[in-house]
2 protein chains.
Amino acid sequence: MPMRNQRDLTIYEIAKAAGVSRSTVSRVLTGHPNVKPATRMMVEKVIEELHYRPSSVAQGLARGQLNMIGLLIGDIRNTFYAEIARGVEDIAHEAGYMVVICDTDYDIKREQFYFHGVQQFALSGLIVMSVLDQQELIPVLQSIRCPIVMLNRYVRSFDTDVVLVDNVEGSYLATRHLIELGHHRIGHLAGSALSTASRDRTLGFQRALEDYGIEREDSDIQEGDLTIERGRRYGQWWLEADSRRRPTAIFAANDLMALGIIDVLASHGVKIPDDVSIVGYDDLPLTGLAPISLTTVRQPHYDMGVTAMTFLKQRIEQKVENVQRKIFRPELVVRKTTGPQRNE
Amino acid sequence: MPMRNQRDLTIYEIAKAAGVSRSTVSRVLTGHPNVKPATRMMVEKVIEELHYRPSSVAQGLARGQLNMIGLLIGDIRNTFYAEIARGVEDIAHEAGYMVVICDTDYDIKREQFYFHGVQQFALSGLIVMSVLDQQELIPVLQSIRCPIVMLNRYVRSFDTDVVLVDNVEGSYLATRHLIELGHHRIGHLAGSALSTASRDRTLGFQRALEDYGIEREDSDIQEGDLTIERGRRYGQWWLEADSRRRPTAIFAANDLMALGIIDVLASHGVKIPDDVSIVGYDDLPLTGLAPISLTTVRQPHYDMGVTAMTFLKQRIEQKVENVQRKIFRPELVVRKTTGPQRNE
DNA sequence: AGGGATTTTGGGAGCGGTTCCAAAACAGCT
DNA sequence: AGCTGTTTTGGAACCGCTCCCAAAATCCCT
């Protein structure tokens, strides 16, 4: 039987100390306008002096929602998510919300678990970077009774606030960059086909190829899972592929996979970018370091988190009416893992 | 006025549907033994069929603690913390706790804020990687009325469960490695002198020098803040220092700083390890990649998180009596940023 | 000063559970 | 059947706060 973590002051003590009723204290606490200024100041003084802090749990029960928000992400160990998380938290912190971290590990079971958790704890809101397929996601989303902001994902038939980056454009930029360097055998290691973000990146890739009249065999696109390990497997595949047919340039759907590829290739003596060019996606903080210098597509992760939380806050506080939408523009960062196609 | 996030089922509905009293439902919910097996099964069936989930907030109020724990860390963007966080969360998840993330940003104000938050929300427990000086930390810790596990830090005069890595040994290993390569001008870029972890690392460094009879000027140790930027500044300093007196090997108190140093040096054409050897500390996942291949000291971050949360869980559930303590042993990982001292 | 409108305050009923206590049901005995 | 002793159950108080409603206080006029 867990010990009860005792508290000392309740609103009742404050009321007594201030010589008013609990209701009045509650009013100053919640900023209700109908309190005589003198009374308000007096109560505030007592609160201050006694270092009273209301129980968020009791408030949560009475108000029907806890001052917390959930952040549903794949895996916090991926810096991509970590930066977003930090952006979310900074705003949440200012606004007085705590952030509950929900690592789904890209696992649907676990994601379901957290969706339930959000209900049970009556969280005030939820920022979602889900992995569920659209089909499955919709009913779940509808069953959630709190404000939701979708981040880097969207569901066409479900209108929520949403923060996006133009993934089509980002990968178009990356691919065009490779094309302009003279490459025409370009491989794409994609993300999961279930996520709109990944699908859009693949789309941008294909569109660029088309625009520049480059033929594409189906084998040029492989599906991945955004892990470094998957990148390593791709690297292995590349090493073993027919050297006259394998891509001379590779566009990976995220930096982690690009790094995995580089790891394998570099340790087998493949020269980058001389033997093969590589572009990633995300611009993780460490990929810009001199020894790596990955060419990649930058997304404003931190700001995405900030924006998502700002949207959510407004929604929770019902300061807005219409759906909020923000689309960031990605930016190509050319560094040293891409170079001109060498004559064959 | 935020909208109330409506719920549907309460314990009362279940009681009615099952034809028993709320108390009985509550008993089956909490696993109280005094329920007739037939009744229990019957109630469970109703709960199952109606998909009832008790409100964690109401439970929290009644029990005096919420089924959540806090994780107080510096900055989730640092993979070091992210891996720990993931270890913590995985265990918490199994045990039915949610994890609230508290990024202090190494800022005392913000740390205080979160300490208060823990109280207000009546969290069940707290895992602390604080930045506060011992002096300041003790009263704060004492004022917290919930179980605490200290992670990678300790306060001598305050007995809590603790999970540590032997930092003295780790940096001893790193330093000895450099000495054995023939270096005798070795620089140390330390962490904040306020944290026991950093102080211990400095201690191991000094001890190794002493053991091998190497003289040390005070300038060999510089205080840092564990950021990549600080590493860059150190790199800058090294570039500008008198080339006959500057260190031929550098031991950084964490990988991030080591990477910052490498970033600057590598982009100025300094050859690593030919011109200077560098050792980091942490073995972040990306530092092992071929282009970087940082020699470093490995700590089992994920397992540290797992252990901390396991300790905390036991403590919350009062399954243990005595203080729990676990000290992991670090491991030197020799890669390619360290090499023999070249004749001068 | 008196009367209606408005502001300020206190009382009390929730919010959805847990838990203590006493009553009810059920044993096992003689 | 009648009497203890143990399970099993329901009732009610409570956890700490919010918020509705009505009473009290204050204000502005005539």
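A note on names: the letters A, B, ... follow the listed sequences, proteins ahead of strands, and every chain is numbered from 1.
Distance CZ (Phe121(A)) to P (dG16(C)): 16 Å, rounded to an integer number of Å. Between the P atom of dA12(D) and the OH atom of Tyr12(B) lies a distance of 12 Å, rounded to the nearest Å. Remark: P of dC17(D) and CZ of Arg53(A) are 13 Å apart, rounded to the nearest angstrom. To the nearest angstrom, P of dG16(D) lies 14 Å from CG of Leu66(B). In this structure, Ile11(B) atom CD1 and dT9(D) atom P are separated by 15 Å, rounded to whole Å. Going from atom CD of Gln120(A) over to atom C1' of dC15(C) covers 16 Å, rounded to whole Å. For Arg145(B) and dC15(D), the CZ to C1' distance is 16 Å, given to the nearest whole Å. In this structure, CG of Leu61(B) is placed 12 Å from P of dT19(C), rounded to the nearest angstrom.
A side-chain contact (heavy atoms from CB on, under 4.5 Å) with Val163(A) is found for one member of Leu312(A), Asn152(A), Thr307(A), Ile327(A) and no other, namely Thr307(A).
For dT18(C), the OP1/OP2 oxygens have a side-chain nitrogen or oxygen of Gln59(B) closer than 4.0 Å. Between dT18(D) and Ser26(A), a contact under 4.0 Å exists linking OP1 or OP2 to a side-chain N or O. Under 4.0 angstrom from either OP1 or OP2 of dC17(D) there lies at least one side-chain N or O belonging to Tyr52(A).
For residues 25-48 of chain B, the salt bridge (charged side-chain N to carboxylate O under 4.0 Å, His left out) pairs, not counting sequence neighbours, are Lys45(B)-Glu49(B). Within the structure, salt bridge (charged side-chain N to carboxylate O under 4.0 Å, His left out) pairs that include any residue of residues 68-85 of chain B comprise Arg86(A)-Asp75(B), Asp75(B)-Arg77(B) (at least two apart or interchain).
Because its NZ or CZ atom is not both nearer than 6.0 Å to the ring centre of Phe311(A) and within 45° of the ring axis, Lys313(A) does not count as a cation-pi partner of that residue.
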Pull out every protein N or O sitting under 3.5 Å from an N or O of nucleotides 8-11 of chain C, one pair per line with the distance.
{"from": "dT9(C)", "atom 1": "OP1", "to": "Thr39(A)", "atom 2": "OG1", "distance (Å)": "2.5"}
{"from": "dT9(C)", "atom 1": "OP2", "to": "Lys36(A)", "atom 2": "N", "distance (Å)": "3.1"}
{"from": "dG10(C)", "atom 1": "OP2", "to": "Ser21(A)", "atom 2": "N", "distance (Å)": "2.8"}
{"from": "dG10(C)", "atom 1": "OP2", "to": "Ser21(A)", "atom 2": "OG", "distance (Å)": "3.2"}
{"from": "dG10(C)", "atom 1": "OP2", "to": "Thr24(A)", "atom 2": "OG1", "distance (Å)": "2.9"}
{"from": "dG10(C)", "atom 1": "N7", "to": "Arg27(A)", "atom 2": "NH2", "distance (Å)": "3.3"}
{"from": "dG10(C)", "atom 1": "O6", "to": "Arg27(A)", "atom 2": "NH2", "distance (Å)": "2.6"}
{"from": "dG11(C)", "atom 1": "N7", "to": "Ser23(A)", "atom 2": "OG", "distance (Å)": "3.1"}
{"from": "dG11(C)", "atom 1": "O6", "to": "Ser23(A)", "atom 2": "OG", "distance (Å)": "2.9"}

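Among residues two or more places apart in sequence or in another chain, the side-chain hydrogen bond (donor to acceptor under 3.5 Å, both in side chains) test is passed with Asp161(B) by Arg315(B), Gln324(B). Shown here are the salt bridge (Lys or Arg N to Asp or Glu O under 4.0 Å) partners of Lys109(B), two or more places apart in sequence or in another chain: there are none.
Remark: Lys326(A) does not engage Asp303(A) in a salt bridge, criterion side-chain N to carboxylate O under 4.0 Å.
The minimum heavy-atom distance between Gly74(A) and Tyr106(A), with the atom names listed, is CA-CE2, 3.7 Å.
Proximity of the aromatic rings of His93(B) and Tyr114(A) is defined here by a centroid distance below 6.0 angstrom, and this criterion is met.
Over its full length, the helix from dA1(C)-dT30(D) to dT30(C)-dA1(D) turns its helical axis through 40°, comparing axes from the five pairs at each end and rounding to 10°.
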